[in-house]
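The structure appears right after this line, and notes come after that.
Whatever order the structure lists them in is the order used to number ligands and atoms, beginning at 1. None of these values were measured; they are calculated from a predicted model.
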Amino acid sequence: MIVMKFGGSSLANGERIRYVAELVKRELPRKPVLVVSAMGDTTDHLLEAAAMALETGTVSIERITELHKSTIRELHIDMPKITPLLAELQILLVGISLIKELTGRTRDYLVSFGERLAARIVAAYCQSIGMETKALDAWEGGFVSDSHFTAAELVPESWNAIPEKLMPLIEGRILPVLTGFIAKDRKGAITTLGRGGSDLSATMVAAACEAEEVQIWKDVDGILTADPRIVPEARPVEAVTYEEAAELAYFGAQVLHPRAMQPCMRTKIPVWVKNSYNPSAPGTRIVAAVKKTRPVLGITSRNQVTLVDIVSTRMIGQPGFLEELFADFAKYGISVDMVATSEVSVSVTMDAIYDLEPLKKDLSRIADVEIKTGRAIVTIIGDVDRSSEILHEAFGVCVGLGIPVQMVSHGASKVNISFIVNDTQSTEVVRGLHMHFIGANFSKGSTACI
Ligand code: ASP
Ligand code: MG
């Protein structure tokens, strides 16, 4: 069997759903399971409706109702099933407007309607053109999560529950159309796996059912060498490893959910990222090992990073100093990204979302602390065996641009090299590096062929 996942933009309207159904029909002999996101920007619209109910007391689901009802009309399907869902959504929003409270738990319940509506519509349309289908809410497909609302993790029993629920359908030649993004915790409350979480739902189905492959259909030609909003000449990469895909996703390319690779990494199931607006484009293949043709695969960046510099002579030959230090970060719930150490100093970075004053006060017992805001992490994802060459050339680019590098981190076996520059300079650095390693490398390659 295979898993086909379609994101919101692939299901934006009736025409797109028709198109998706054709893609699925072609794959029927391979026994697909469909995983769907909410149509278009429905998740955002649901969150906006909640914000409005909360702030002004006004309840309006018009935009959401209109999109789904007009899609049903466009597809000529009969859909009494969505009416109770829309009614329930309306009641929930009234509840939010009265209580004037939106907890993570309520938020997850609210956004779940997007995927649940989409799955029913896609299943009904596929049925209407001759496929045998069944729409399933994630919990009917075996998805059990912890209770970490808005960013839940699937729990181990999902690994057995998913195939138990889905395999009988697949073997009976019924096409399961499953909601991505959502699950239920052990007590039965609806949870979500974090924004963009349908990717993870798809890879989880594939891993648990031992699928032949996962196809993730998006609105871009695959995983790109850089964020196209920063680097217009960014291009899709042909093949990457799971680790590289996760790095590219985390540090800015934002094509995939950062945790989506985990289930397939464990089971080595290939993942394809394809463009439903351009299906003949080859897309990106994500697998366990890739033959490297270039030293650098992609360049990403993250802005709004804070750098904390900690200097203390107490560090010298002092076992347990770092433990003490990081215990303080943990105490304030601060998640650290990059770390660099010397004999007498430690530099760490984090997203600029934390109040660092209490931490600074605590740490000043043991060290001098300096907080530097307005930084960016630039990350080069490349071939670890060629890291000296990459570092040499990357620093050459920074010197050429006259941009000082403030901190560097490069793991022993990791695929990435990260460094810190000022926020205002990150675009220039990313463009410069992209031009050097990826722009230039193509011509270098062709010269070598001659
Ligand atoms: N609909 C959800 C979101 O927009 C999940 C997803 O698209 O994967 O975040
Ligand atoms: Mg979406």
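Those atoms of ligand 1 with a heavy atom of R195 less than 4.0 angstrom away are 3 (C), 4 (O), 9 (O). Every atom of ligand 1 with a heavy atom of S37 under 4.0 Å away is listed here by number and element: 6 (C), 7 (O), 8 (O).
At least one N or O atom of G196, backbone or side chain, sits closer than 3.5 Å to an N or O atom of ligand 1. Polar contact with ligand 1: present for T43 (N/O pair, distance under 3.5 Å). The shortest N or O to N or O distance between D199 and ligand 1 is not under 3.5 Å.
Residue contacts with ligand 1 include G197, since one of its heavy atoms falls under 4.0 Å from the ligand. At least one heavy atom of E115 sits closer than 4.0 Å to an atom of ligand 1.
A cation-pi arrangement is absent between R120 and Y125, since the terminal nitrogen or guanidinium carbon is not both under 6.0 Å from the aromatic centre and inside a 45° cone about the axis.
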Side-chain donor-acceptor pairs of residues 149-157 under 3.5 Å, sequence neighbours excluded:
residue, atom, partner, partner atom, Å
E153, OE1, R259, NH1, 3.3
E157, OE1, R186, NH2, 3.0
E157, OE2, R186, NE, 2.9

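Taking 4.0 Å as the cut-off between side-chain N and carboxylate O, D221 and K274 do not count as a salt-bridged pair. A salt bridge is defined here as a Lys NZ or Arg NE, NH1 or NH2 lying under 4.0 Å from an Asp or Glu carboxylate O, and R229 with D227 meets this definition.
Scanning all heavy atoms of the two residues, the minimum distance from L54 to I96 falls at CD1-CG2, 3.9 Å.
Interatomic distance, CD1 of I390 versus CZ of R294, reported as 11.5 Å (0.5 Å rounding).
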